[in-house]
Visitor: 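Quick one: this structure, given as structure tokens, is what I'll be asking you about.
This one's a predicted model, so the numbers in the text were calculated from it and none came from an experiment. We count residues from 1, following the sequence as given.
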Amino acid sequence: MVFEVLLSLIQQGSYLAIFLLSFLINVTVLVPVIPIPSWTPVIIGVSIGLNPLLVGLVGGFGSALGDIIGYFVGFGGTAAIEKFEKHVPKFFKRFEKFYSNIGFSVVLLGAFLPLPFDIIGVLSGASKYDIKKFVIALMIGRIARTLIIAYTGLYILNFLSNSFNYLINIFG
């Protein structure tokens, strides 16, 4: 019911609906509760004539905010382990140090590429990666990805529309 309302709002030209649906699609951690691809609100927004720049920015921002949940799940899990275990394994400490060096690149690429991002979010939180760096990399990756999806969708829709009109004129 909620998703039907949001899809209806997107079709009416609501950028807020694009933000909310992008957020809700990405807020789940490890369990895809919502069987809608994350690019769906962006493509719908562009297909009805909304500004692809705004659609990409709003969709990317909502998507990134939804993906932050994984970070807190990993961070909370680490805090629980440390509370009940006196000595954190040396491997885990080495991993934290290693991840602090490569974390920004991992988060940025993971947010940009069509990969399951939840694992990266949980690992970032578990390794206590700097939340500010995590959010910056996540925002850059998600917004860049949704902008590319929005503009690609716009160009594909225009191409198909022009091709269809051309065929109608020829065979019309």
Visitor: Do V122 and Y71 have side chains that approach each other closer than 4.5 Å (heavy atoms only, starting at C-beta)?
Guide: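 They are not in contact (no side-chain heavy atoms under 4.5 Å apart), so the answer is no.
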Visitor: What distance separates N158 CG from S163 OG, expressed to the nearest 0.5 Å?
Guide: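 Here the rounded value is 10.5 Å.
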Visitor: Decide yes or no for Y15 and N51: does some side-chain heavy atom of the first lie under 4.5 Å from some side-chain heavy atom of the second?
Guide: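 Yes; the side chains approach each other to less than 4.5 Å.
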Visitor: Would you say F23 ends up clustered with L54 if hydrophobic residues are merged whenever their side chains have heavy atoms under 4.5 Å apart, either directly or through other cluster members?
Guide: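 Per the 4.5 Å side-chain linkage, L54 and F23 are co-clustered.
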Visitor: At their closest point, which heavy atom of L138 faces which heavy atom of V107, and how far apart are they?
Guide: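 Nearest pair, atom of L138 first, then V107: N-CG1, 3.7 Å.
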Visitor: How many angstroms lie between atom CG of L24 and atom CZ of F19, to the nearest 0.5 angstrom?
Guide: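 Rounded to the nearest 0.5 Å, the CG-CZ separation comes out at 9.0 Å.
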Visitor: Tell me whether the rings of Y129 and Y99 are parallel (<30°), tilted (30 to 60°) or perpendicular (>60°).
Guide: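 Because their plane-to-plane angle is over 60°, the rings of Y129 and Y99 count as perpendicular.
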Visitor: Distance check, rounded to the nearest 0.5 Å: K133 atom NZ versus S100 atom OG?
Guide: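 Nearest 0.5 Å value for the NZ-OG distance: 7.5 Å.
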Visitor: Would I18 and L50 count as a side chain to side chain contact (heavy atoms under 4.5 Å, CB included) here? Give the steps.
Guide: CA-CA 11 Å; I18 291 170; L50 295 178; 3.7 Å; yes
Visitor: Determine the minimum heavy-atom distance between P52 and Y151, stating which atoms define it.
Guide: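 In this case the closest contact between P52 and Y151 is CG-CE2, 3.6 Å.
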Visitor: Kindly state each residue pair satisfying salt bridge (charged side-chain N to carboxylate O under 4.0 Å, His left out) with at least one member in residues 135-148, sequence neighbours excluded.
Guide: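 Found D67-R142.
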Visitor: Give the cluster check for I102 versus F104: same hydrophobic cluster or not, with ILVMFWY residues linked at side-chain heavy-atom distances below 4.5 Å.
Guide: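 Same cluster: I102 reaches F104 through Ile, Leu, Val, Met, Phe, Trp or Tyr contacts under 4.5 Å.
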Visitor: With a 4.5 Å heavy-atom cut-off, do S22 and V58 have their side chains touching?
Guide: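 A side-chain contact under 4.5 Å is absent here.
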Visitor: Just to verify, what does A17 make a side-chain contact (heavy atoms from CB on, under 4.5 Å) with, not counting sequence neighbours?
Guide: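 Once residues adjacent in sequence are excluded, the partners of A17 under the side-chain contact (heavy atoms from CB on, under 4.5 Å) criterion are L6, L9, I10, S14.
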Visitor: Are F98 and F75 grouped together when hydrophobic residues (ILVMFWY) are joined by side-chain heavy atoms under 4.5 angstrom apart?
Guide: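 Per the 4.5 Å side-chain linkage, F98 and F75 are co-clustered.
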Visitor: Using the salt bridge (charged side-chain N to carboxylate O under 4.0 Å, His left out) rule, collect all pairs that involve residues 151-163, keeping only residues at least two apart or in two chains.
Guide: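 Residue pairs with at least one partner in residues 151-163: there are none.
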Visitor: Look up atom OG1 in T152 and atom OH in Y155, then write down how far apart they are to the nearest 0.5 Å.
Guide: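 One gets 9.0 Å once the value is rounded to the nearest 0.5 Å.
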Visitor: Residues in ring pair (Phe, Tyr, Trp, His ring centres under 6.0 Å) with F117, at least two apart?
Guide: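 So F117 forms no ring pair (Phe, Tyr, Trp, His ring centres under 6.0 Å) with any residue.
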Visitor: Within the 4.5 Å heavy-atom criterion, are V55 and L147 side-chain neighbours or not?
Guide: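 Of all side-chain heavy-atom pairs linking L147 with V55, none is under 4.5 Å.
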Visitor: Got a sec, which pairs hit salt bridge (charged side-chain N to carboxylate O under 4.0 Å, His left out) with one end in residues 49-64, sequence neighbours left out?
Guide: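 Salt bridge (charged side-chain N to carboxylate O under 4.0 Å, His left out) check on residues 49-64 returns no pairs.
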Visitor: Can you tell me how far the CG atom of L16 sits from the CG atom of L21, to the nearest 0.5 Å?
Guide: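 L16 CG to L21 CG: 11.0 Å, rounded to 0.5 Å.
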Visitor: Check whether L115 and L108 end up in the same hydrophobic cluster, where Ile, Leu, Val, Met, Phe, Trp and Tyr are linked by side-chain heavy atoms less than 4.5 Å apart.
Guide: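 No: no chain of side-chain contacts under 4.5 Å links L115 to L108.
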Visitor: How close do I48 and G45 get, heavy atom to heavy atom, and via which atoms?
Guide: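 Heavy atoms only, the tightest pair is CG1-O, 3.3 Å.
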Visitor: Flag yes if I148 and L157 sit in one hydrophobic cluster, no otherwise; membership is Ile, Leu, Val, Met, Phe, Trp, Tyr, and two members link when side-chain heavy atoms are under 4.5 Å apart.
Guide: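 As far as the 4.5 Å side-chain criterion goes, L157 and I148 are not connected within one cluster.
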Visitor: Out of curiosity, I68 CD1 to N26 CG, how far, rounded to the nearest 0.5 Å?
Guide: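 Rounded to the nearest 0.5 Å, the CD1-CG separation comes out at 11.0 Å.
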Visitor: Using the side-chain contact (heavy atoms from CB on, under 4.5 Å) criterion, which residues pair with L123? Sequence neighbours excluded.
Guide: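 F95, I119.
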Visitor: Is the backbone N or O of G60 less than 3.5 Å from a side-chain atom of T146, with the two atoms forming a donor-acceptor pair by type?
Guide: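 Judged by distance alone, yes, a pair lies under 3.5 Å.
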